[in-house]
Amino acid sequence: MSRNLKGLVWLSSLLVVFGSAALIVVAILVDDHHPLSTLSPVGRQGKDIAALINPIFIVAGVVFFLVQGAVLALWWRYRVSGSDTGDGEFGYYDDEEFPTQTHGNNKVEIGWTLAPTVLLAVISVFTLITLFALDDVEASDEEMVVTVVGQQWWWEYQYHLDGNTSTPPDIVTANELVMPVGVDIPLDIKSRDVIHSFWIPKLNGKRDAVPGRSHDWVIQSEETGRFRGQCTEFCGLAHGYMKMVAVVLTKEDFAVWRDNQIAPAEMPTEGTEAHAGWQVFSQQCASCHVVNGVTSAANRGGESTEPDTWAIYQEHSSNDAGAYLGQDTLVAGAAPNLTHLMTRGTFAGSWYDLYLDAGNHIPYLDLADGGTLNRGELEAWIYNAPERKPAAANELRGMPARTSLSPQDIDNVVAFMSTLD
Amino acid sequence: MSITQRTITDPATIGTEDKLALPAGPAVATRPLGVFSRPQGSEGWTSWLFTVDHKRIGIMYGAAALFFFLVGGAEALFIRLQLATPNGSVIGAGTYNGVFTIHGVTMVFLVIMPMAAAFANYLLPLQIGARDVAFPRLNAFSFWCFLGGGVLLTSSIFIGGWFQNVPDAGWFNYAPNSGVLFSPHKGVDFYAVGLQITGIASLVSAVNLIVTVLNMRAKGMSLFRMPVLTWMLLITQFLLLFALPVITVALFLLMFDRLWDANFFNVAAGADPLLWQHLFWIFGHPEVYILILPAFGIVSEIIPTFSRKPIFGYHFMVASGIAIGFMGWGVWAHHMFTSGMGPLSVAAFSVSTMFIAVPTGVKILNWLATMYRGRLRFTTPMLYAVGVVSMFTIGGLSGVTHSIAPSDTQQTDTYYIVAHFHYVIFGGALLGLFGGFYFWWPKVFGYMLNEAWGKASFWIMLIGFNFTFGPMHILGLQGMSRRIATYRADEGFAFWNMVATIGSFVIAVGVLMFLWNVFFSTRAWRRAGKPDVGPDPWDARGLEWMTASPTPEHNFDTDIEVERFDDFWHRKYGRNEQGRIVRAAKAEDIAHDGSNTNVHLPSPSYWPLVLGGGISLVGYGLIFNLWIAALGLVFLVGALYGWCLEPADDPDAVHSHGAGHDDDDHSDLHSKPVAAEASHAEPDPDPDSQNEAVSSG
Amino acid sequence: MSTVNPPQTDTPNMSTPVQPAAEAATSATGVTEANGSHAHPTDWLYVKVAIALALLTAFEVFTYFESVHGWSDTALIVMLVAMMVLKFFLVVAFFMHLKFDAPIFWRLFVFGVVLAMVIYMLMLTAFRYW
Amino acid sequence: MADVLMSEAQTTDEAHHSSTGLSNEKLAMWVFLGSECLLFGGLISTYMFNKDRIGPDDIGPSDVFDIPFTSVSSFVLLMSSLTMVFAVSAITRGDLRSNRIWLATTAALGAVFVAGQVYEFTAFYSEGLGFTTNLFGSAFYALTGFHGAHVTIGIIMLMSLYVMSLRGNLTSERAETVEIIGLYWHFVDVVWIVIFTIVYLFPQ
Ligand code: HEA
Ligand code: HEA
Ligand code: CUA
Ligand SMILES: [Cu+2]
């Protein structure tokens with residue numbers, strides 16, 4: 001290889017090694033526009049974790065530079081060139097001066113066994129402190145417990161305002177977890193089918209939702225805003241599309257939100273588009289979806305030829321390990337509760353925005369100044385959901401297509417949905 | 001009382017002559033089943049099918065692994081294409097899930113493991129101065145069984161339509177997502193059955209190689225004179241030996257659930273899905289060391305050779321390997337930090353994991369110390385070896401950051417993990433194995449791979465590799481989850497994903513350059529009239545270089561007697577009066593030229609192939625139709641029967657000593673010396689040779 | 001005659017062989033073999049072991065019936081495990097000759113048994129919520 | 001003396017060099033048995049973990065186990081270990097006839113055990129405990145089934161030895177083969193010792 005080429009290779013290797021390291025550092029420093037970033041936490045737990053790992057990143061960085069530096073230095077200092085011409089002739093180097101034949105040095109060995117040991121011992125102390133601190137969930141002022149139920153491929157939140165998870169929830173909503181700022185919110189994480197994992201990176205690490213088990217977790221935010229999340233345990237077909245959002249409100253706003261959620265939906269006045277929409281909904285949708293106050297067992301009769309997943313939902317909605325015993329199957333039969341759909345900023349596992357100018361917009365609060373409904377996407381969803389988001393609808397997982405609906409029907413249904421605020 | 005004494009000629013052996021050692025007795029039949037005569041000879045392609053020669057088996061392992069690497073790599077390129085842009089639609093979500101699953105499975109079980117097995121098969125007997133492994137037929141069986149399992153797994157890609165029946169629950173296949181309810185097509189059955197079959201192959205070969213190392217060493221080759229590679233391979237085999245039964249249990253439970261409605265992962269019946277996770281990772285973590293230790297061994301052969309120094313801290317290298325092997329058993333739950341284990345378990349596994357950095361660090365630093373003050377020749381193998389030192393460290397350091405349990409709750413199942421394991425696997429295991437290809441290519445095929453192409457391909461691969469997986473650190477920390485078929489445009493992942501995708505195609509170019517190099521070098525060698533590369537083209541250290549290239553079928557012409565660590569090197573070099581190291585003999589003069597034709601070798605056999613094929617048939621049968629399984633069973637039983645009645649050595653074979661020797665599978669691997677041992681150089685006042693008695697006593 | 005270990009044992013990574021007294025007859029070179037002076041286990045020894053095994057089994061089964069009379073579960077389990085271990089040891093040591101055989105067998109097997117015990121006990125404990 | 005032995009060995013066959021002085025086959029068997037520990041360990045832990053994970057009205061261990069019956073069959077298996085060592089010691093003595101007798105006895109005792117297991121399985125099944133009934137059923141049948149399969153393989157190997165012996169192919173020179181298969185047999189017995197205690201005798 002020619003000298004020039006060699007220089008080039010040297011340069012590029014330097015570039016690659018140190019360049020990639022530098023890029024990581026840059027990426028860490030410039031962390032805008034990454035709604036899921038772990039690098040700029042706003043929650044107490046997230047900050048604790050960052051406080052633990054950031055110095056460790058630095059230690060690792062130092063070790064990285066030491067080792068890479070040593071590799072390059074040794075390379076530079078001790079390389080012999082010339083004989084590796086690549087012509088296939090490797091002589092015996094009889095004339096070559098041999099380096100001193102060192103076989104080892106016990107002191108050195110013990111040194112570099114002990115040094116990392118001590119370093120890691122220190123690191124493990126801090127790790128354990130943080131670990132147990134995070135686990136020690138102080139009795140928060142918050143009485144409310146939210147049961148988080150993962151299922152293919154969206155999230156359900158059941159708010160138990162009195163903290164008693166054994167009674168029916170006061171509020172049932174989907175995908176967007178609304179919570180007050182500054183308090184630890186105890187979560188009770190469960191799953192209806194396979195393993196999912198609940199993760200709002202800016203607030204806290206993740207915790208798996210394992211069917212048959214119930215896991216305690218806690219999240220907190222020190223700022224208001226919308227924080228994105230993603231299901232992070234592979235859960236089948238649409239795992240990538242199973243997202244969620246934590247909406248953090250001031251305590252006052254949260255109280256307003258809460259009171260609104262508890263209220264059932266109102267029946268649209270007869271003769272309106274919305275009422276026609278309600279009729280369609282009762283027949284086509286209510287076999288799965290609940291809208292408190294306007295769907296009931298009676299109007300779930302309809303023409304639907306779908307299996308009655310409502311029954312499955314009923315069985316599984318009281319979800320704990322014991323509840324499964326004796327049942328044959330365990331599938332995601334439930335569908336999101338739509339009572340206050342319009343107060344959410346996203347739908348379908350938070351994959352789609354419900355409003356066009358979503359941004360940091362908190363729909364419930366700002367609806368007055370008119371978020372623009374993402375009508376096209378919502379209509380497309382109602383018409384043919386599996387096309388908008390992968391689903392195994394014929395296996396009762398995900399929302400089935402409703403291609404039999406006429407454009408008029410869909411308009412009506414959307415009109416009905418627009419009343420659900 | 002009739003106890004026949006086994007020969008103990010080796011002064012360095014254990015000396016625990018076993019008074020219960022019972023004789024194995026004479027052979028019983030020469031015409032198995034009375035119908036077939038045995039396969040004979042070693043010419044032609046059929047001879048490859050029936051061979052029991054560890055070298056040919058090694059080559060076949062290597063070729064199969066390279067093939068599967070192309071398959072797994074092509075799958076990876078599809079992953080990268082799909083992820084190149086947000087809202088990607090190159091392959092749909094369903095196919096994507098199948099692709100990354102089969103990519104992971106292929107790369108781990110059908111690429112890295114068999115590639116390591118290739119080196120183990122080819123080199124292990126040579127490095128300990130043996131004529132073959134302990135059970136040559138079992139060795140052949142291992143290969144065919146592995147190949148059967150690999151073909152079965154890979155065939156899932158197209159059986160019943162492209163990607164219709166491919167495993168799609170991730171390579172660790174968590175229950176209950178892997179249950180029939182959630183994965184109703186046959187993909188997971190392929191996974192369960194295929195891994196079971198490759199598992200049998202690995203288990204058998206682990207037993208075989210362990211016995212080989214313990215029992216088949218040349219005279220004087222005490223354990224602490226074995227090359228580091230042999231040691232690392234031995235540790236790997238022990239890890240396999242104890243780890244495989246665990247996944248066997250897990251896979252059986254899964255199979256019972258899927259095929260016969262058992263309840264092990266049926267949550268509705270009260271099962272706890274975490275059982276699968278524990279069983280899988282009890283296997284899975286030792287498995288990652290199974291992937292890396294052979295590469296560590298290879299690096300430990302290459303660096304001393306091209307530094308012209310012995311490995312620094314040999315005993316610490318061995319001990320740290322053993323330590324990694326041990327510690328690897330106590331850390332599995334670091335893959336489950338977020339699964340809902342209690343904090344005490346999390347704490348214990350977190351801390352135990354961290355400390356694996358210590359023995360691994362010892363290795364890294366000893367390699368650096370070997371290079372220190374050496375005369376470094378950056379040949380292609382050396383580039384790869386140093387690449388491992390550098391790249392593996394990156395992956396190891398990110399591994400340590402995973403072991404910090406609280407922060408792992410942020411990292412797990414993100415691309416930060418994907419970055420970690422590709423750095424350790426690609427940057428560690430695969431680069432090491434590729435370095436091994438370049439290093440031992442002349443030994444195996446008798447000619448060198450072209451150095452210029454080799455170096456170019458190395459640099460392209462290395463650069464592509466860093467551009468592919470380096471950005472994944474950033475992506476992961478920015479919150480990109482793994483195993484997602486696509487991502488939203490407003491999540492800020494687009495740029496680095498595009499970089500990674502471009503990088504992966506750069507790797508592909510590097511790989512293609514390697515393939516071209518093989519083709520090009522072979523052609524150049526043929527055109528040049530097949531010049532002899534000599535036994536020892538790199539001026540290397542291990543016993544494998546002490547025989548002709550390519551290695552003759554019988555390995556060594558005479559029994560080897562080893563006097564110290566790096567014996568072959570010490571035979572080449574001595575010290576003159578001034579104490580300077582000088583060449584005492586040419587490798588050609590010391591090395592065996594392969595001219596001994598009077599060596600009795602184990603005879604080829606049909607049965608390993610039939611048995612391996614039978615097992616795969618049973619596998620297909622379990623998936624599709626039990627009648628096929630019954631047919632497979634017929635083959636299986638027939639093969640076993642034929643196998644048992646057939647002596648390992650065919651007394652009718654050409655080089656036979658005649659009848660009367662027993663059917664120990666290893667019989668006659670040591671021939672009578674035909675020539676006196678080549679004269680030795682002045683004994684080198686080598687600390688190793690003096691340490692020996694103390695260190696191993 | 002005492003056991004003379006050769007200067008270079010082949011399994012340096014394992015501790016000094018656990019050589020039961022009976023092993024003493026075997027010298028490093030195995031020469032004494034031919035003198036027939038070693039204590040090869042006799043059939044009578046096997047019978048004695050079998051009797052011990054039978055008695056232990058009988059007692060084990062007895063605890064089962066006796067448990068009806070209200071022994072604490074823990075006590076029962078401790079006793080049962082003790083007897084199980086003893087039976088295990090008897091079969092392995094005598095019937096499988098490990099007591100008399102080359103120490104490497106002993107180490108290989110014990111390694112497997114201990115590893116399995118440790119790993120799986122760890123696993124079962126990790127399922128607890130602590 | 002050593003010289004004598006060595007020269008003798010050289011005249012017969014040089015090939016018997018082995019670094020540890022132990023035979024490959026026996027070493028391999030022990031290595032394999034080490035591995036089997038983790039297999040059965042996994043199955044036993046799976047059983048222990050799952051046996052109580054059944055509903056309150058489900059059929060459980062205490063509903064089906066018939067301890068006296070299983071005790072007898074366990075005892076039979078235990079004693080087959082004794083006959084197995086007799087077989088080994090017979091062939092070392094060169095007593096081929098007794099060797100055959102003991103081999104056959106061992107196989108027969110093993111068969112009695114397996115038959116007992118088959119009976120037990122059918123009895124449990126008729127009481128309503130199938131493989132798919134609940135977690136206890138699945139775990140129980142998987143564990144004992146695996147063990148039963150091991151015993152069955154052992155019986156087949158013993159029978160093969162018997163046939164070999166009849167044909168005159170199993171002379172005292174091949175005593176080690178019998179010993180190795182004996183090792184397997186004892187191991188299977190030892191596993192049952194553990195299973196019997198943990199599965200059957202532990203207070204439910
Ligand atoms: C070749 C395979 C290989 C190797 C060798 C390793 C090595 C290590 N791995 Fe990795 N790992 C994988 C393959 C491998 N891993 C795979 C495939 C996965 C993902 C599986 C999946 O989920 O699909 C994984 C996942 C994984 C996880 C789980 C992450 C998660 O999913 O949440 C963790 C957690 O602790 C981890 C840790 C480690 C550690 C601590 C090491 C250590 O052994 C590394 C030690 C090395 C060094 C530290 C560098 C050299 C040392 C020095 C220079 C000394 C000085 C250093 C210090 C003082 C720090 N690995
Ligand atoms: C064991 C080794 C190994 C190796 C070597 C690789 C190599 C590569 N891997 Fe990986 N990978 C895994 C093991 C490995 N992988 C595992 C275990 C997983 C986890 C799976 C899971 O989550 O379940 C994973 C997952 C994984 C992901 C994450 C998927 C996801 O989570 O959604 C990605 C994404 O980029 C990826 C990319 C790559 C790339 C680009 C390469 C490249 O380095 C590949 C380079 C090779 C080539 C480019 C081949 C070149 C060949 C040709 C061009 C010829 C083709 C022609 C013919 C076939 C005739 N891999
Ligand atoms: Cu739910 Cu991934
Ligand atoms: Cu691991």
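Residue numbering restarts at 1 for every chain, and letters A, B, ... go by the order of the sequence lines. The basis for the numbers below is simple: all heavy atoms, side chains too, and nothing from hydrogens, waters or symmetry mates.
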Tightest non-hydrogen contact, residues D:Ser45 and C:Leu124, listed as O-CD2, 4.0 Å

Tell me whether the rings of D:His186 and C:Phe95 are parallel (<30°), tilted (30 to 60°) or perpendicular (>60°).
tilted

CD on D:Glu179 to CE on C:Met96, rounded to 0.5 Å
10.0 Å

Minimum heavy-atom separation for D:Leu78 and C:Ala54, please, with both atom names.
CD2-N, 4.5 Å

With a 4.5 Å cut-off on side-chain heavy atoms, are D:Lys26 and C:Asp101 touching?
yes

Take D:Tyr200 and C:Glu60, measure what side-chain contact (heavy atoms from CB on, under 4.5 Å) needs, and give me the verdict at the end.
CA-CA 11 Å; D:Tyr200 291 87; C:Glu60 276 182 343; over 6 Å; no

Considering heavy atoms only, which positions within residues 58-68 of chain D lie below 4.5 Å of chain C?
D:Ile67, D:Pro68

Between D:Met79 and chain C, with a heavy-atom cut-off of 4.5 Å, which part of the residue counts as in contact: side chain, backbone, both or neither?
side chain

Count the heavy atoms of every other residue, nucleotide or ligand shown that sit under 6.0 Å from OH of D:Tyr119, and state whether that count exceeds 12.
no

Determine, for C:Lys87 against D:Asp189, whether the closest basic-nitrogen to carboxylate-oxygen distance falls under 4.0 angstrom.
no

A side-chain contact here means heavy atoms from C-beta on lying under 4.5 Å apart; do D:Phe187 and C:Val92 qualify?
no

Are the side chains of D:Leu27 and C:Leu108 in contact, using a 4.5 Å heavy-atom criterion?
yes

Taking it one step at a time, do D:Leu22 and C:Phe105 satisfy side-chain contact (heavy atoms from CB on, under 4.5 Å)?
CA-CA 10 Å; D:Leu22 308 167; C:Phe105 296 144; 3.8 Å; yes

To check you understand the geometry: which heavy-atom pair defines the closest contact between C:Leu80 and D:Leu201, and what is its length?
CD1-O, 3.5 Å

Take D:Phe75 and C:Val61 through the test side-chain contact (heavy atoms from CB on, under 4.5 Å) and record every step on the way to the result.
CA-CA 10 Å; D:Phe75 185 74; C:Val61 177; over 6 Å; no

Counting only non-hydrogen atoms closer than 4.5 Å, does D:Met48 touch chain C with its backbone (N, CA, C, O), its side chain (CB onward), both, or neither?
side chain

Chain C: which of D:Leu183, D:Val31, D:Thr70, D:Leu39 shares the most heavy-atom pairs with it under 4.5 Å?
D:Leu183

For a side-chain contact (heavy atoms from CB on, under 4.5 Å) check, start with the C-alpha distance between C:Met84 and D:Val190, then their side-chain angles and the critical distance, and finish with the verdict.
CA-CA 9 Å; C:Met84 177 182 91; D:Val190 154; over 6 Å; no

The reported gap from CZ in C:Phe109 to CD in D:Glu36 (rounded to nearest 0.5 angstrom) is 10.0 Å

Report yes or no: does C:Tyr46 contribute a side-chain atom to a donor-acceptor pair with the main-chain N or O of D:Ser81 at less than 3.5 Å?
no

Report yes if some heavy atom in the side chain of D:Ile44 is under 4.5 Å from a heavy atom in the side chain of C:Tyr120; otherwise report no.
no

Which distance, rounded to the nearest 0.5 Å, do you find between the CD1 of C:Ile77 and the CZ of D:Phe202?
5.0 Å

Would you check if D:Thr197 and C:Met83 make a side-chain contact, meaning some heavy-atom pair closer than 4.5 Å?
no

C:Phe111 and D:Cys37, any side-chain heavy atoms less than 4.5 Å apart:
no

